[in-house]
Every structure is written in C-alpha cells, then in structure tokens.
**Q** 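Please find one structure pasted underneath; my questions will follow.
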Amino acid sequence: MADDVGSIPELGRKDDSDEQVKIICLGDSAVGKSKLMERFLMNEYRPQQMSTYALTLHKHKATVGNKTVEVDFWDTAGQERFRSMYPSYYHKAHACIMIKHTLGFKVFDVQRKVTYKNLACWYTELREFRPEIPCCVVANKIDADLKVTQRSINFGKKQGIPFYFVSAADGTNVVKMFREMIKRAVDYKQNPSDFMDEVMQELENFDLEKKEDHPEADEDRLQAEHPEAV
Ligand SMILES: Nc1nc2c(ncn2[C@@H]2O[C@H](COP(=O)(O)OP(=O)(O)OP(=O)(O)O)[C@@H](O)[C@H]2O)c(=O)[nH]1
Ligand SMILES: [Mg+2]
C-alpha cells in the first residue's frame, strides 16, 4: 500500500485562472464527504452509498473577488484500509474541511465497522503535515434531526476553528461553507504563514515575474533544445 502514496496523479497544472488551490475533505467513512461534494458541485443528492475507493478528484472553477480560481477538491476515502495514502492527501493542501456526523446521529453498525478515527485524531495528524492551513469543522446530516443545531460541539473552539451545521441531503449551508473555504484557501495561498509555503509562493511569483519580463526566454530555450523547430 505504501507505493500508493507516490502514485497519485497530480491534477493538471494551473491553466488560465489567476490562482490554483487544493482543498481536502477529511473524515471517517460514511460521514458524507462525497455527498457534500455532489451537492456543491452538481446540486444533487442520491442517498445510495458508494464508499470512496482511495480518492476522488474534482476540478472546480470559482471566482474570489476579481480573480478566477481553479480549485482541486480531494474527496478522500475514510476507510482505514486507505490509511497509507493520507500523507499524500495532506501534501500541499491549502485548506481542509473536516466532516463528522451531527451529534446523536445514529451510526449503523455496518458504517461503524469502517470508521477509523474521530475528529481529534484527524486534526492532530493533519497538523503534523500542514501546521498552518485554514480548517473548518462540519457536522453533516442535520436533516435527520434539526434539534441538534441547538447544541454546539466543543471540538475546535479553543483553536478558533469555524464550525458549520450542514446537510448534503437538503443543501443547508453547503454552498456557504464551500465558498468560505475556497476564499480562505486563496487567502492562505497568497499569505502563507508556514515557512515552506512562503518559499513555494515566492518561487511561484518569481517564476511568473521572469516569464512576464522575458517572454523571449521560452523561445530561446525552445530554439536551443529543438533548433529544427524554429
Ligand atoms: N440523512 C442524511 N444522510 C446523508 C447525508 N449525507 C450523506 N448521507 C448518507 O451517508 C452515507 C455516506 O455518505 P458518503 O458521502 O458516501 O460518505 P463518505 O464520507 O464519502 O464515505 P467514504 O467514501 O467511505 O469515506 C450515504 O448513504 C448517504 O446517503 C445527509 O446530509 N443527510
Ligand atoms: Mg466518499
């Protein structure tokens, strides 16, 4: 399984959009990660469960302020058997949406069997890899019992992590939550507080400036590499 970590394909490089960010959805199996993506990207909800195998990647175009943003959404697999892949999920992510059931939601035995971690474990592991990226906590399935919204959860309060009650089934808060997270991911990418991310951002800006200042540099390189083509 360890090999899988290195074999995840990178999505295509930045196209004509102004910015590109990666956002990951994390959480135990059956909390509703894929259904939330389906609701946000297609405004659909089909109740059947198809547990995600390893990973599903979605590309999405968004607008933040006057910028176009290409978002790579990583809908990850919550089942324990995919554990060795988690480091590759976290790698270079700009924001993380952590998803759980609403309090008191009756988890069926069949779902419980594949449940691996609780939120605190996910969060601890994420922070080892991505210490500074913006996160939020999402309690899904509030359609099953609206009373839960009168209670709040303690997790994340101390760290000031934003919290949302949502429902993939009826759409409550889904668009709002995803839009806010896209904006936070873009803000983070542009002003990273992690040293390695700052270096990466500097390199990206430097590369862009070089291209703008010397567009002929690419032509020179092409000529040197393929003299017959020019
Ligand atoms: N009532 C209710 N059920 C939901 C909601 N969202 C998801 N479900 C149900 O929960 C089950 C699991 O949803 P998925 O989106 O497949 O779960 P997942 O987190 O992607 O699970 P893995 O891919 O195994 O990690 C499905 O059978 C859905 O019908 C919701 O908002 N309300
Ligand atoms: Mg899934």
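As the structure lists them, so they are numbered: ligands from 1, and atoms in each ligand from 1.
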**Q** Give a yes or no on whether Thr52 keeps an N, O or S atom under 2.8 Å from the Mg ion (ligand 2).
**A**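 It does: Thr52 brings an N, O or S atom closer than 2.8 Å to the Mg ion (ligand 2).
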**Q** Could you tell me the separation between the CD atom of Glu38 and the CD atom of Glu44, rounded to the nearest 0.5 Å?
**A**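 Reported to 0.5 Å precision, the distance equals 6.0 Å.
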**Q** Any idea which atoms of ligand 1 are less than 4.0 Å away from a heavy-atom of Ser34?
**A** 15 (O), 20 (O)
**Q** For Met42, is the CE atom crowded, meaning more than 12 foreign heavy atoms sit under 6.0 Å from it?
**A** yes
**Q** Provide the number and element of each atom of ligand 1 under 4.0 Å from a heavy atom of Asp28.
**A**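 Once the distances to Asp28 are compared, the set is 19 (O).
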**Q** Looking only at distances, can you tell me whether any N or O atom of Asp75, backbone or side chain, sits closer than 3.5 Å to an N or O atom of ligand 1?
**A** no
**Q** Which atoms of ligand 1 are found less than 4.0 Å from any heavy atom of Asp143?
**A** 1 (N), 2 (C), 30 (C), 31 (O), 32 (N)
**Q** From Ser34, does some N, O or S atom reach closer than 2.8 Å to the Mg ion (ligand 2)?
**A**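 Of the N, O and S atoms in Ser34, at least one lies under 2.8 Å from the Mg ion (ligand 2), which means yes.
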**Q** Would you mind telling me which of Lys189, Lys92, Arg130 makes a salt bridge (charged side-chain N to carboxylate O under 4.0 Å, His left out) with Asp197?
**A**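 Testing Asp197 for a salt bridge (charged side-chain N to carboxylate O under 4.0 Å, His left out) against Lys189, Lys92, Arg130 leaves exactly one candidate, Arg130.
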**Q** At a 4.0 Å threshold, what atoms of ligand 1 neighbour a non-hydrogen atom of Asn140?
**A**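 The list of qualifying atoms is 5 (C), 6 (N), 7 (C), 31 (O).
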**Q** Provide the number and element of each atom of ligand 1 under 4.0 Å from a heavy atom of Ser167.
**A** 31 (O)
**Q** Geometry only, no angles: is Gly27 polar-contacting ligand 1 at N/O separations under 3.5 Å?
**A**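 In fact, backbone or side chain, Gly27 has no N or O that close.
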**Q** Just verifying a value: how many Å separate Ile182 CD1 and Glu70 CD, rounded to the nearest 0.5 Å?
**A** 12.0 Å
**Q** Quick one: are the ring centres of Tyr86 and Trp122 less than 6.0 Å apart?
**A** yes
**Q** So is Ala30 touching ligand 1 or not, going by heavy atoms under 4.0 Å?
**A** yes
**Q** Should you measure from each heavy atom of Ser51, which atoms of ligand 1 turn up under 4.0 Å away?
**A** 22 (P), 23 (O), 24 (O)
**Q** Are Phe178 and Phe73 close enough that their ring centers fall under 6.0 Å?
**A** yes
**Q** Check whether any N or O atom of Tyr45, backbone or side chain, sits under 3.5 Å from an N or O atom of ligand 1, and answer yes or no.
**A** yes
**Q** Between Ala54, Cys25, Ser29, Gly32, which one has a non-hydrogen atom sitting closest to atom 22 (P) of ligand 1?
**A**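 Among Ala54, Cys25, Ser29, Gly32, the closest heavy atom to atom 22 (P) of ligand 1 comes from Ser29.
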**Q** Counting only nitrogen or oxygen atoms and a 3.5 angstrom limit, does Ala144 reach ligand 1?
**A** no
**Q** For ligand 1, is there an N or O atom under 3.5 Å from any N or O atom of Ala169?
**A** yes
**Q** Taking 4.0 angstrom as the limit and counting only heavy atoms of Lys35, give me the atoms of ligand 1 inside it, by number and element.
**A** 6 (N), 7 (C), 13 (O), 14 (P), 15 (O), 28 (C)
**Q** Please tell me if the side chains of Lys67 and Gln190 come closer than 4.5 Å, counting only heavy atoms from C-beta onward.
**A** yes
**Q** Quick check on the 6.0 Å ring-centre criterion: do Phe82 and Tyr53 meet it?
**A** yes
**Q** Taking side chain to side chain contact (heavy atoms under 4.5 Å, CB included) as the criterion, tell me which of Ile97, Asn173, Val174 meets it with Val138.
**A** Ile97
**Q** Show the atoms of ligand 1 that are less than 4.0 angstrom away from any heavy atom in Pro47.
**A** 26 (C), 27 (O), 28 (C), 29 (O)
**Q** Would Leu36 count as a contact residue for ligand 1, given that I'm defining contact as a non-hydrogen atom of the residue lying under 4.0 Å from a ligand atom?
**A** no
**Q** Check whether Met196 and Leu203 end up in the same hydrophobic cluster, where Ile, Leu, Val, Met, Phe, Trp and Tyr are linked by side-chain heavy atoms less than 4.5 Å apart.
**A** yes
**Q** To the nearest 0.5 Å, what is the distance between CH2 (Trp74) and NE2 (His91)?
**A**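 Going from the CH2 atom of Trp74 to the NE2 atom of His91 covers 8.0 Å.
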